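As the structure is a computational prediction, the values presented were derived from the model and not from experiment. Residue numbers start at 1 and run along the sequence shown.
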Amino acid sequence: MNLLAFDSTSPILTVGIAGDGRAFGRWDTQSDRSRGGTLDQLINRALEESGLCRRNINALAIVTGPGSLTALRIGWATACGWALTTGIPVTGWPVPAVQRRKWVGESIAGRPDSRLTRSTNVTCLVHHRGAEFYVYDWNAMSTGRLPIVTTRDEFRPVVNPDAWVIGPGLLHNYDDW
């Protein structure tokens, strides 16, 4: 089974392909405008470089937000169009769940792969637009609080973080920080 996953929620588009228990790779590109065309080109590049074609993909996974409304619609439209024409299933996760799975180490197969201890408090920042970003806090024992939109000047973490996760789109605004 081959899974194609993508994230269109930030100006950095990401596509990943996995199958038969291994990752084929991850492809990233930046796109502030014409995200739909850029996402399609990135998917085609990922398929070509992994030696696959669209009919070899058995499932899709997308990042469901938070993100800009237009970016979310592009992601959903791409996934739903593909699923409607092929009948393959689509699943998705919000950015906080993806980041938490990555850093706490919850693999899809349920194997523990922890990078943080169970008591580590994490604050995650994900770019929204301009000087705004989403912020959410969690630790390995909780699902965390829902993301809120704030600005650099208003930001105050709820917990005293042991670790920071800087999400997609924030680093290209580094000079603002």
_Could you walk me through whether W82 and V90 satisfy the side-chain contact (heavy atoms from CB on, under 4.5 Å) test, starting with their C-alpha distance in whole Å, then the side-chain angles of each, then the deciding distance to 0.1 Å, before giving a yes or no?_
CA-CA 9 Å; W82 199 343; V90 177; over 6 Å; no

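The side-chain contact (heavy atoms from CB on, under 4.5 Å) check on Q41 picks up nothing, with sequence neighbours excluded.
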Listed pairs under 3.5 Å, donor-acceptor, residues 60-67 side chains, sequence neighbours left out:
unit_1: T64; atom_1: OG1; unit_2: W93; atom_2: O; d: 3.3

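Side-chain contact between L13 and S8: present, with at least one pair of heavy atoms (C-beta onward) separated by less than 4.5 Å.
Under the 4.5 Å side-chain heavy-atom criterion for Ile, Leu, Val, Met, Phe, Trp and Tyr, L72 and L42 are members of distinct hydrophobic clusters.
Between W27 and S50 the shortest heavy-atom distance is CH2-CB, 4.2 Å. Scanning both residues, A46 and V15, for their nearest heavy atoms gives CB-CG1, 3.7 Å. When all heavy atoms are compared, the tightest approach of I74 to T78 is O-OG1, 2.8 Å.
The distance from atom CZ of R22 to atom CG of N2, rounded to the nearest 0.5 Å, is 8.5 Å. Of the inter-residue distances, the one linking I57 atom CD1 with L47 atom CG reads 5.0 Å to the nearest 0.5 angstrom. A distance of 9.0 Å separates CG in N58 from CG in L3, rounded to the nearest 0.5 Å.
The backbone N or O of G37 sits nowhere less than 3.5 Å from a side-chain atom of D40 that would complete a donor-acceptor pair.
Among T29, D28, D7, the one residue that satisfies the side chain to side chain donor-acceptor pair (under 3.5 Å) test with T14 is D28. R54 pairs in a side chain to side chain contact (heavy atoms under 4.5 Å, CB included) with only one of the listed residues (I43, I88, T86, L4), which is I43.
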